[in-house]
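Since the model is a prediction, treat every value here as computed from it, not as a measurement. Each chain gets a letter, A, B and so on, in the order the sequences are listed, and its residues count up from 1.
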2 protein chains.
Amino acid sequence: MNRPIRRPGGRSADVRRRVLDAVVTQLVDHGYDGLSIDTVAASCGVHRTTVYRRWRDVGGLLADVLAEAAGDDWRPADTGTLDGDLAALNREVFAALTGDPPITTALIAASFRSARAAEALRAFWADRYDRCAVIVARAAGRSEIPAGTDARRLLVAATAPLYHELVLLRTGPDEGLADRAAADTAVAARAGAFVTGVVSPG
Amino acid sequence: MNRPIRRPGGRSADVRRRVLDAVVTQLVDHGYDGLSIDTVAASCGVHRTTVYRRWRDVGGLLADVLAEAAGDDWRPADTGTLDGDLAALNREVFAALTGDPPITTALIAASFRSARAAEALRAFWADRYDRCAVIVARAAGRSEIPAGTDARRLLVAATAPLYHELVLLRTGPDEGLADRAAADTAVAARAGAFVTGVVSPG
DNA sequence: ACTCTAATGCAACATGTGTAGCGTTAGGGG
DNA sequence: CCCCTAACGCTACACATGTTGCATTAGAGT
């Protein structure tokens, strides 16, 4: 992610922790616009050039924050039905995209300015979708949906409308959006969509 | 969009045309990173301060470009089937998102930096989805799908996976992506998804 | 402890971005 | 044709962003 530290002793580790904490604090208090190398450095008592050298730009800072966040033990909820699992997932996505402060939106915005932030976010989402594949496997195991259903394709179909409406189209946050997208996707899956190699099962 | 011009005579109109042309040229030649007020102004012989006063920032420039583009006479293709119409639409979206130079992606990136660009892009897409509603109306008229199907919800379901995969998840451009998303959405619509007020029709 | 040097702190510079004041130019209206 | 002034060009400034060279500090190995 960032430049390798060959002396991970007290000082370097302390600087990293102070800087990353300051990034989150700045993001929470003043949003993405109030986030810059200088403000972060000044707010945690680390010199500008140190931050520039280790993280290069704001995207690098957020990429490092994101790399830490990706190491958690998150798992999708198990509600017993495909509809319930997708709805639970979509409500989490919805909360992340409409939450205040808009940390997720800030990370997305940063991904358009920094290649490192883009790569970190790509890796983060790839990991999340991998973990969610179990939702589709469970549904197939219950014979709710066909055996050959493409997990990623189904999960993207369920979540993509949320990202599209809230992040790109910037629709006002509609409470029912998450559940509707989940239900529509479940209907599609039961009807035989998302099956690899099959274009038109009807 | 930009500051109103009370003297739309030769000079002001000429300046605007030269600047907007230069924006597109810069975008095509050097991408979004090579786009700044200064480079645009220098490349078309208009002074920096003039561009700053009339368009304020890069987002304002792109918003003006977008406003012109929104005034075209685009209509969705009529292929005779819902599958065909959605596939044709998705192929256009796919081409826009993977085209080189990445003008669409540049506009999306700008929308995260400038409120004016964000609003212009929002209005552009709202208009496009409105024009696409006829696709759903035609399908309902042919009794391919239920009468109460929500047009926007269906259209977002069809196109959102493309934006999500190509813009946010940054998946490598998969040729079959557009057709698969279109086919999956058509299956869902035929199965009774996207009907307003109905959560679980199955 | 002592040495070596990675990492940091510091100052100065270079560049990019945006603004303010003021004179100049040229379109619009009489 | 002449006047008025919106729009533009120019200079200078203010600030943010990012870089470079060098001195200083302190972790790591012996």
Integer-rounded Å distance: dA6(C) P and D14(A) CG: 21 Å

Atom pair distance, as rounded to whole Å: CH2 in W55(B) and P in dA7(D): 12 Å

Most 5' of I37(A) and V46(B) on DNA chain D, judged by nearest nucleotide: V46(B)

Length of the line joining L61(B):CG and dT17(C):P, which is rounded to integer Å: 12 Å

Nucleotide of dC8(D), dC22(D), dA11(C) approaching H47(A) most closely (side-chain heavy atoms): dA11(C)

Gap between atoms CZ and C1', on R17(A) and dA7(C) respectively (whole Å): 18 Å

Separation of dT19(D) C1' from D38(A) CG (nearest whole Å): 13 Å

Nearest listed nucleotide, side chain of R48(A), among dT17(D), dC8(D), dT19(C): dT17(D)

Rounded distance (Å) that lies between atom C1' of dT8(C) and atom CZ of R16(A): 17 Å

Any R54(B) side-chain nitrogen or oxygen under 4.0 Å from OP1 or OP2 of dC8(D): yes

salt_bridge(D64(A), R54(A)) N-O dist < 4.0 Å: no

dG9(D) phosphate, OP1 or OP2, under 4.0 Å from T50(B) side-chain N/O: yes

Nucleotide nearest T49(B) when distance is taken to its side chain, options dT19(C), dC8(D), dG18(D): dT19(C)

Which nucleotide in dT8(C), dG9(D), dA12(C) has an atom nearest any side-chain atom of R53(B): dG9(D)

Residues R116(B), E119(B); criterion salt bridge (charged side-chain N to carboxylate O under 4.0 Å, His left out); working and verdict: CA-CA 5 Å; R116(B) 299 166 74 198; E119(B) 172 53 26; over 6 Å; no

Touch class at under 4.0 angstrom, heavy-atom based, for D57(A) against every strand present: nothing

T79(B) and D85(B) side chains, donor-acceptor separation under 3.5 Å: yes

Minimum side-chain heavy-atom gap L107(A)-F124(A) below 4.5 Å: no

Parallel, tilted or perpendicular: rings of W125(B) and Y163(B) (30°, 60°): perpendicular

